[in-house]
Amino acid sequence: MDMHPPPKMLASLTITILMMIASSVPLASRAAVPEAQVRALLAWKASLDNQSQHALHSWGNTAAPCNWRGITCGTGVHRHQRRPVISGISLPEMRLGGTLESLNFSALRTLTHLDLSDNHIAGSIPPSMDVLGELRALLLQGNLITGSIPLGLGNLTKLRSLMLHENEVSGEIPRHIGNMIYLETLNLSGNHLVGHIPSEIGHLKHLVRLDLSNNNLSGSIPYSVLDLTKLTTLYLYRNQLSGHIPRELGHLVNLKDLALSYNTLIGSIPNSLGNLTKLTTLYLNVNQLSGQNPRELSRLLSLEILDLRSNMLKGSIPNCLGNLTKLTTLYLYHNQLSGHIPQGLGRLVSLEDLELSSNTLTGSIPNSIGKLTKLTTLHLYRNQLFGKIPQELGRLVNLEDLELSNNALTGSIPNSIGNLTKLTILFLSNNQISRHIPQELGRLVNLEDLEVSNNALTGSIPNSMGNLTKLTTLYLNFNRLSGHIPRELDYLENLEKLSFWYNTLTGSMPNSLGNLTKLTTLCLSQNQISGHIPQELGHLVNIEDLELRDNALTGSIPNSIGNLTKLTILYLDNNQLSGHIPRELGYLVNLLSLSLRNNSLTGPIPNSFGNLRHLYKLDFGQNQLSGQIS
């Protein structure tokens, strides 16, 4: 289809443009911007800091202020004649430093737009600003403005947008704000406002976005807010609001984003929220809400984020939540939810983050969760889940964080977990998982934190763990693991915490453990490890906690341990160590707790121990030592 205008239309358009240009030339030549406006701008510039002088270097030619940076001009009427006037000041993100007090607003009554956002403007909002009766937009967000909101701002009745967020404004929200009946956007978030939300806010019938978050507002949500039927965004989070969520909130059928989190709201979630079918985000987290999750929430088919965490919600998770197929985030953790995890959650095929932890959920992990192939985070820890970890979890190939700790899960770690090659966190601790650690875990090459403590694992630690070169934490304590510590662990050069405490590991400590120079914790206590403590441990210069107690270690304590000057805990008790205590242990000036009890150590206690000024626990008992600490 030909979208070009016909020649006659072009000709007509050209004539019109020429006429407009011709008519503007004599205006420009006949009149200039009022001198008082030019003086007002230059006086304000002079009050600003040096950085601002540089940023506003174009403010100089008094004959052409309409060409100054950030200044726009319109046409006004002065003494029955039309002439150019300053209509807009737009200077966002210019690092301007100074105040508004020296800006003569009386000379700038023609302003329709004032944008000084994201600068370093300090001081208060001058009451003299109340003369700007033509102002449509006042954008002062992201500055250092202090003081209260002046009552006179209520005179700016033509305002469409008032943005004062991210400042240091204090005091109460003035009732006069209800006079700004044409406001479409009101953002006062990120200040220090106190008191109640004034009921007069309900007069702002044109309001589309209301954000009062991150203040210290108290009292209940006023019912007058429910008159704002054009609202698409209502943010009241991070205040001290109390009382119930008004059920009339369900009348705001144009809402897309509702956030009431981080308050002290009580009572149940009103069923009427199910009427807000345009909602894409619903944040009610971190309140004191009780009762059950209303089934009506399953009608919010546009919902992408549902966050109800950290409340006191009870009852089961409704199976019908599986209808919310656009959900990307579902947070129900830190509540008192019970019953089974519904199979219907397997229909949430867009879900990326599922967190149901810290409840009292029972039953098994539904295999339908294996259908949620976009999941990056799955948290089910601190519940009462039992049964096996389903093999279907191996289909969640985008998973980065899997936490199933503190349940009553049984069976083995499924081999299919080896498919989750994007995993960075795998927590399976405090369950009843048994059998061998699968070799396939060695395929999780992005893993940074692996914790499988307090289970019933048997067999040896697989050599394939040497592939996990990004690991910073490896906890396998309180299991029934046997065999040697694999030498391949010396590839884990990023390891910071290594704990195999309370297993039945045998053999000697590999010398190569000395290569793990980022270690801050090494705990091999309560095993059956034998042989000498390797001198190479002296390379672990970042170690703070070294625990080798309750083994069958022999030989002397290596003097190289004196290099470990960051040590705060050193436990070598209940072994078969012999020889003298090396005087180099006296170099460990940060030691808080030292136990060498129940070995076969001989000779004197080194005088150097007098340097250990921070020690609060020292135990040499059941050895054959002589002398005293001086």
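FYI, side chains are in, hydrogens and waters are out, and symmetry mates aren't considered; it's all heavy atoms of this structure.
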- Does the side chain of Asp490 come within less than 4.5 Å of Leu513's, by heavy atoms? no
- Message: Please tell me whether Asn323 and Arg299 have a donor and an acceptor in their side chains that are separated by less than 3.5 angstrom.
- Response: no
- Query: Do the side chains of Gln336 and Thr360 get nearer than 4.5 Å, heavy atoms only?
  - Reply: no
- Item | Donor-acceptor contact below 3.5 Å, side chain Asp211 vs main chain Asn187 | no
- Item | Derivation and outcome, side chain to side chain contact (heavy atoms under 4.5 Å, CB included), residues Ile365 and Leu385 | CA-CA 7 Å; Ile365 300 171; Leu385 300 172; 4.1 Å; yes
- Message: Donor-acceptor check, side chain of Thr421 to backbone of Leu444, threshold 3.5 angstrom: yes or no?
- Response: no
- Message: Between Asp353 and Thr329, is there a side-chain donor-acceptor contact under 3.5 Å, judged purely by atom types and distance?
- Response: no
- Taking the side chain as every heavy atom from C-beta outward, state whether Tyr235 and Arg209 have any atom pair closer than 4.5 Å. yes
- Task: Check the pair Leu332 / Leu337 against side chain to side chain contact (heavy atoms under 4.5 Å, CB included), numbers first and verdict last.
- Result: CA-CA 8 Å; Leu332 301 177; Leu337 299 173; 3.9 Å; yes
- Task: Evaluate the criterion side chain to side chain donor-acceptor pair (under 3.5 Å) for residue pair Asn574 and Asn598; output intermediate values, then yes/no.
- Result: CA-CA 5 Å; Asn574 298 313; Asn598 195 20; 2.8 Å; yes
- Message: Can you tell me how far apart CG (Asn254) and CG (Leu234) are? Round to the nearest 0.5 Å.
- Response: 13.0 Å
- Message: List the residues meeting ring-ring contact (aromatic ring centres under 6.0 Å, His included) with His334, not counting sequence neighbours, and say none if there are none.
- Response: none
- Message: Just to verify, which of Asp619, Asp573, Asn575, Asn623 counts as forming a side chain to side chain donor-acceptor pair (under 3.5 Å) with Arg597?
- Response: Asp619
- Message: Nearest 0.5 Å, please: how far is OG in Ser213 from OH in Tyr283?
- Response: 12.0 Å
- Side chains of Ser593 and Tyr571: donor-acceptor distance under 3.5 Å anywhere? yes
- With a 4.5 Å heavy-atom cut-off, do Leu596 and Ile581 have their side chains touching? yes
- Message: Strictly distance-based, threshold 3.5 Å: is any side-chain N or O of Asp545 a donor or acceptor partner for the main-chain N or O of Thr521?
- Response: no
- Query: After noting the C-alpha distance and the side-chain angles of Asn590 and Thr568, does the key distance pass the side chain to side chain donor-acceptor pair (under 3.5 Å) rule?
  - Reply: CA-CA 5 Å; Asn590 289 300; Thr568 60; over 6 Å; no
- Task: Compute whether any side-chain donor of one residue and acceptor of the other, for Asn239 and Asn215, lie under 3.5 angstrom apart.
- Result: no
- Message: What I want to check is whether the side chains of Asn511 and Arg487 have a donor and an acceptor closer together than 3.5 Å.
- Response: no
- Message: Any heavy-atom pair between the side chains of Asn419 and Arg395 that's under 4.5 Å?
- Response: no
- Query: Quick one: are Asn542 and Leu519 in side-chain contact, heavy atoms under 4.5 Å?
  - Reply: no
- Minimum-distance pair of heavy atoms, taken over all atoms of Asn407 and Arg382: ND2-N, 4.1 Å
- Query: Can Thr373 and Val397 be said to form a side chain to side chain contact (heavy atoms under 4.5 Å, CB included), step by step?
  - Reply: CA-CA 7 Å; Thr373 54; Val397 293; 5.6 Å; no
- Item | Side-chain (Asn285) to main-chain (Asn311) donor-acceptor, under 3.5 angstrom | no
- Task: Taking the side chain as every heavy atom from C-beta outward, state whether Leu601 and Leu577 have any atom pair closer than 4.5 Å.
- Result: yes
- Chi angles and distances behind the side chain to side chain donor-acceptor pair (under 3.5 Å) call for Ser416, Gln391: CA-CA 6 Å; Ser416 62; Gln391 283 280 353; 2.9 Å; yes
- Step by step, work out the side chain to side chain contact (heavy atoms under 4.5 Å, CB included) result for Leu592 and Leu615. CA-CA 4 Å; Leu592 303 175; Leu615 269 182; 5.6 Å; no
- Message: Under the criterion side chain to side chain donor-acceptor pair (under 3.5 Å), I'd like the reasoning laid out for Thr328 against Glu304: C-alpha separation, chi angles, the key distance, then a yes or no.
- Response: CA-CA 5 Å; Thr328 61; Glu304 296 173 9; 5.5 Å; no
- Task: For residues Leu481 and Thr458, determine if any side-chain heavy atom of one lies less than 4.5 Å from a side-chain heavy atom of the other.
- Result: no
- Query: Side-chain donor-acceptor pair under 3.5 Å between Glu544 and Thr520, yes or no?
  - Reply: no
- Message: Is a donor from one side chain sitting under 3.5 angstrom from an acceptor on the other, for Asn271 and Arg247?
- Response: no
- Query: Do Ser525 side-chain atoms and Trp501 backbone N/O form a donor-acceptor pair below 3.5 Å?
  - Reply: no
- Regarding Asn446 and Lys470, is there a side-chain donor-to-acceptor distance under 3.5 Å anywhere? yes
- Item | Inter- and intrachain pairs under salt bridge (charged side-chain N to carboxylate O under 4.0 Å, His left out), touching residues 306-316, at least two apart | Asp307-Arg309
- Message: Are Phe620 and Phe609, when compared by the centres of their aromatic rings, separated by less than 6.0 Å?
- Response: yes
- Between Asn455 and Asn431, is there a donor-acceptor pair closer than 3.5 Å when you use the side chain of the first and the backbone of the second? yes
- Donor-acceptor pair, side chain of Asn319 and main chain of Gly344, under 3.5 angstrom: yes
- Modelled atom types, side-chain donor and acceptor of Thr264 and Gln288, under 3.5 Å: no
- Message: If we count only N and O atoms by modelled type, under 3.5 Å, do the side chains of Thr506 and Gln528 hold a donor and an acceptor together?
- Response: no
- Task: Could you tell me how the ring of Phe478 sits relative to the ring of Tyr502: parallel (under 30°), tilted (30 to 60°) or perpendicular (over 60°)?
- Result: parallel
- Message: Holding to ring-ring contact (aromatic ring centres under 6.0 Å, His included), I want the full list of residues that pass it with Tyr587, two or more places apart in sequence or in another chain.
- Response: none
